[in-house]
Amino acid sequence: MSETRIISADEEDMKSAVCEAAAALAKGEIVAVPTETVYGLAADAFNADAVAKVFAAKERPAFDPLIVHIASFKELAEVAVLPEDIAGTVKSLAGAFWPGPLTIILPKSDKVPDLVTSGLPTVAVRQSGNVIFRSIGKALGRPIAAPSANRFGRISPTSASAVMKELEGRIPLVVDGGACREGLESTIITIENRAGEQKPLIRVLRAGPVTKEELQKFGKVVIEKKISERPDAPGQLESHYAPRTPLLMFDKPEDFRPEEGKRYGLLSYRGDPKAGYVDLHEWERVEELSPGSGKLMEAAVRLFHVMRVLDEEGLDAIVAEPVSETGLGVAIMDRLRRASAPR
Ligand code: TXA
Ligand code: MG
């Protein structure tokens, strides 16, 4: 592959960008497209050859299944089978959060190639909240398989320029829809109906923009911790979302022991000295996740961008301040822990 083209999907260019992207997908090409969470690398979900190109461009191992994106709730029946005992819960959740950043694991339909699901009997499904993405799906008339548009294990891209840094020269086309509104990948859940219990069990396989608090209206919610050991969640590796520069996290600030002559950067939540990090060291560079008043929401939107900025500084290590583990903070801490996990 040689040249990667970026096309704008601004208001006046949106129609033509949607047409061009859908035509490329229909021909079996792969295209990077914006979603509300992060940019995805899209392929026609029913075309196994196209899906194989996605794995190749990302250098993603075949054991890590893709999410299938539907353009409308009606399309769900094409990719998944709705078990009777959880159908009501799926419909309620879809009503509350779709289109949006919630991915539901369901038994797959025969139409979905095994490559998409890495041979699992289940498929991960969501309806993206991004209008450009959904319009491409509608124009294509088929569901879209799309993982995040980064090299495997790296930081997910939240802008077209970040996609270029990850995949330039490896894919033919990027649709530029601006910065992603959420900034973190979708929440992934499974749903189980428990005999004798009134409420279903909702297991969170990946924390994301839809929080535990929000899901609790629909069932008993458990956030899975050691998921990398679960055979039904093969892609949730301990080390992920990682910058090339080592990222360090500590139980308490005093545990940081800088080495002589090394250059360290700080990824701070709000730049507040009271957190114990800002004045701990002569940082080469300090970046705040939430410089404004947006707090966790702002931090989520900016997390991957700021990680990328610090990664480009050529530092010896990045120290990350923890954020409080409530609401969106759960998903932010999940990404930080995985980024700091030994590789
Ligand atoms: O927000 C998002 O979810 C973005 C946008 C592009 O939609 N996509 C995304 O895809 O983050 P990806 O491939 O980077 O992460 C999908 C995760 C993987 O860790 C994979 O293991 C898991 O979903 N997954 C996919 N199918 C699964 C299945 N059948 N059972 C369990 N986990 C599954
Ligand atoms: Mg990913």
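Model, not experiment: these values are computed from the prediction. Counting starts at 1 for both ligands and their atoms, following the listed order.
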### Query
With a 4.0 Å cut-off, would you call D44 and R142 a salt bridge?
yes
### Task
Inspect the surroundings of CG in D255 and state if more than 12 heavy atoms from other residues, nucleotides or ligands are less than 6.0 Å away.
yes
### Query
Judged by non-hydrogen atoms, does I188 sit under 4.0 Å from ligand 1?
yes
### Task
Given salt bridge (Lys or Arg N to Asp or Glu O under 4.0 Å), test K15 with E20 step by step and report yes or no.
CA-CA 9 Å; K15 257 199 183 145; E20 186 171 346; over 6 Å; no
### Sphere of radius 2.8 Å around the Mg ion (ligand 2) - protein N, O or S atoms inside
S148 OG
### ligand 1-proximal atoms of R60, by part, heavy-atom distance under 4.0 Å
side chain
### Message
Considering S186, P34, P157, P65 one by one, which has a heavy atom nearer to atom 24 (N) of ligand 1 than any of the others?
### Response
P65
### Task
Pick one of side chain, backbone, both or neither for how H69 approaches ligand 1, counting any non-hydrogen atom pair under 4.0 Å.
side chain
### Message
With respect to S148, determine whether any N or O atom, backbone or side chain, lies less than 3.5 Å from an N or O atom of ligand 1.
### Response
yes
### Task
Heavy-atom distances under 4.0 Å are what count here, so tell me which part of T37 touches ligand 1: side chain, backbone, both or neither.
side chain
### Query
Where do T89 and F218 come nearest, in terms of heavy atoms and distance?
CG2-O, 4.0 Å
### Task
Identify whether the distance between the nearest side-chain nitrogen and carboxylate oxygen of D334 and R338 falls below 4.0 Å.
yes
### Task
Let me see the working for E166 and R308 under salt bridge (Lys or Arg N to Asp or Glu O under 4.0 Å), right down to the final yes or no.
CA-CA 11 Å; E166 291 288 327; R308 225 170 251 287; 3.2 Å; yes
### Query
Relative to ligand 1, is L66 under 4.0 angstrom through side chain, backbone, both or neither, heavy atoms considered?
backbone
### Message
For S128 and N130: C-alpha separation, side-chain torsions, deciding distance, then whether side chain to side chain donor-acceptor pair (under 3.5 Å) applies.
### Response
CA-CA 5 Å; S128 169; N130 183 295; 5.6 Å; no
### Message
Keeping R151 on the side-chain end and L167 on the backbone end, is there a donor-acceptor pair under 3.5 Å?
### Response
no
### Query
Using a side-chain heavy atom cutoff under 4.5 Å and only I, L, V, M, F, W and Y, what cluster partners does V18 have?
I7, M14, L25, V31, V33, V131, I132, F133, I136, L140, I144, L173, V175
### Task
Using modelled atom types only, decide if a donor and an acceptor are shared between the side chain of E288 and the backbone of Y269 within a distance under 3.5 Å.
no
### Task
Using distance alone, determine whether E185 and ligand 1 share an N or O pair under 3.5 Å.
no
### Query
Looking at ligand 1, does K108 have a heavy atom less than 4.0 Å from it?
no
